[in-house]
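Positions are given from 1, in the same order as the sequence printed here. What you see is a predicted model, and the numbers here were worked out from it, not measured in a lab. When a ligand or atom number is given, it counts from 1 through the structure's own listing order.
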Amino acid sequence: MEKTTQLYEGKAKKVFATNDPQYVIVSYKDDATAFNGEKKGTIVGKGAINNQMSNMLMQMLEKHGVPTHFVEQLSERETVVKKVTIVPLEVIVRNISAGSFAKRYGVKEGIVFDQPTFEFSYKNDDLGDPLLNTSHALALKLATAEEIDTIRTMALKVNDLLKDYFAKLNVTLVDFKLEFGRLADGTIVLADEISPDTCRFWDSTTGEKLDKDRFRRDMGGVEEAYQEMMRRLTGEGK
Ligand code: UDP
C-alpha cells in the first residue's frame, strides 16, 4: 500500500490517502503539544514509540474481541488503518484521580476509585474540548444513543483489558482517552492511538510517571519515560 495525497495534519500525526479508498496511512510525528496547543515541543523518538505501542495494544484488544481500525504496520512510524469518520468525542476512562479530574473536583491525585469513571469531552479545539454528558452529545447530534451505548461498553472493556495487561508490566493504568470512528457501513471501531500521549502510566512500585505528564509538567526524563514504557511492552533489555 502506498501513500498518495496528504489528507490531514494533526498535532501528533499526519494522515495520507492510499490507492484504496477503504484505507489511509497514519504517520506519527515527534511533535508534542499540551494545554490545547499552548505548550509545544519535541519528544525525540516519540512517533516511532507511539506507533509501535499503539499497534501492539490494538492487536491485543482485537484478539479479545474489540474491533479497531488497525490493519498493518508499514514502518517504525507508519501504519495502514481503516478509514473512518471520527466520532467527535474524547472518551475518558479513569481508575485513579489525576489531571483535570483532580483539578475540577478539588481532590488530590492518586485516589483509587471503586469503579472506573467514564466521561466525554467534545472534540473541538476552538472550544478547548469542553466536558459534556450523554444528553448534550445527543442534543448536538455528535452520536446516536445506540452509538454512545456501544462506545461506553467498548471503552470499559478496553479499560479492563489494558489494566490487566499493564499490571503484568508493573505499570498502573491511571486514566486514558480513546477515540472511536465509524466505518463506511456505520460500524463503530476503536481508532486514534493508545500511547503515553493518551494514557497516564505510573510505575506500580515507585509511582514514577511514565507518560506525557513529564512533558506537560516540565519534569524532565520525557524521552526516557517513553523508552521505558516501550522496553516493558517489548520485554527488551531486561
Ligand atoms: N487526554 C488526551 N488528550 C486530551 C486530553 C486528555 O489524550 O486532549 C488523556 C490524558 O493523557 C489522560 C486522560 O486523557 O491520560 C485524562 O486527561 P485529563 O482529563 O485529566 O486532562 P489533562 O489533565 O491531561 O488535561
Side-chain angles (χ1 to χ4, degrees), residues 8 10-13 26 28-41 43 46-47 49-51 53-54 57-58 68-69 86-113 115-133 136-137 142 151-152 154-156 158-163 165-167 171-181 190-204 207-219 222 225-226 228-229:
Y8 171 82
K11 286 176 272 194
K13 298 188 279 293
V26 178
Y28 284 71
K29 306 191 289 183
D30 285 353
D31 299 355
T33 63
F35 312 119
N36 201 25
E38 260 173 59
K39 182 181 169 75
K40 289 192 174 70
I43 301 174
K46 172 172 85 76
I49 288 175
N50 286 4
N51 179 45
M53 189 182 296
S54 191
L57 295 170
M58 295 265 179
T68 80
H69 71 164
I86 292 286
V87 177
L89 293 171
E90 300 205 335
V91 178
I92 295 172
V93 178
R94 303 175 191 271
N95 298 303
I96 298 179
S97 65
S100 69
F101 182 97
K103 197 169 172 203
R104 189 186 318 132
Y105 301 118
V107 296
K108 63 182 191 326
E109 294 201 311
I111 301 164
V112 180
F113 304 144
Q115 298 289 327
T117 70
F118 177 85
E119 76 202 44
F120 296 124
S121 292
Y122 180 19
K123 191 173 150 64
N124 182 320
D125 281 339
D126 294 340
L127 301 176
D129 298 339
L131 185 71
L132 46 64
N133 67 25
H136 298 152
L142 305 181
I151 286 171
R152 185 190 160 87
M154 282 172 64
L156 293 172
V158 168
N159 183 48
D160 286 340
L161 292 165
L162 289 181
K163 234 178 15 180
Y165 185 87
F166 284 112
V171 170
T172 302
L173 178 64
V174 175
D175 59 28
F176 58 93
K177 183 263 301 178
L178 300 176
E179 294 183 24
F180 292 85
L190 181 60
D192 195 48
E193 66 179 282
I194 306 173
S195 72
D197 275 13
T198 64
C199 302
R200 284 193 171 92
F201 298 126
W202 293 354
D203 181 278
S204 303
E208 187 190 358
K209 294 188 197 310
L210 297 170
D211 57 57
K212 194 173 158 189
D213 270 347
R214 301 197 77 87
F215 169 78
R216 293 189 188 100
R217 302 177 188 191
D218 295 319
M219 297 170 75
V222 183
Y226 280 69
E228 175 60 19
M229 281 304 303

List the residues meeting side-chain hydrogen bond (donor to acceptor under 3.5 Å, both in side chains) with Lys177, not counting sequence neighbours, and say none if there are none. Glu179, Asp192
Is there a heavy atom in Val174 that sits closer than 4.0 Å to ligand 1? no
Shortest reach to atom 1 (N) of ligand 1 by a heavy atom, considering only Glu179, Lys177, Lys103, Lys11: Lys177
Is atom 25 (O) of ligand 1 close to the protein, meaning a heavy atom under 4.0 Å from it? no
For Ser97, the side chain to side chain contact (heavy atoms under 4.5 Å, CB included) test, sequence neighbours excluded, returns Phe101, Val107, Ile111, Phe113
Is the closest side-chain heavy-atom distance between Asp175 and Ile96 below 4.5 Å? no
On a heavy-atom basis, I'd like to know which of Lys212, Arg216, Arg200, Glu90 is closest to atom 17 (O) of ligand 1. Arg200
Can we say Glu109 and Arg217 salt-bridge, meaning some charged N sits less than 4.0 Å from an Asp/Glu carboxylate O? yes
What atoms of ligand 1 come closer than 4.0 angstrom to any heavy atom of Gly99? 20 (O), 23 (O)
One residue to check: Ser100. Relative to ligand 1, which of side chain, backbone, both or neither has a non-hydrogen atom less than 4.0 Å away? both
Indicate whether any N or O donor in one side chain lies under 3.5 Å from an N or O acceptor in the other, for Asn159 and Asn95. yes
I'd like to know if Asp211 pairs up with Arg200 as an ion pair, taking the criterion as any Lys NZ or Arg NE/NH1/NH2 lying under 4.0 Å from an Asp or Glu carboxylate oxygen. no
Would you mind running through ligand 1 and noting each atom that sits below 4.0 Å from a heavy atom of Asp197? 7 (O), 11 (O)
Check ligand 1 against Asp175 and write out every atom of the ligand that is under 4.0 Å from a heavy-atom position of the residue. 12 (C), 13 (C), 15 (O), 16 (C)
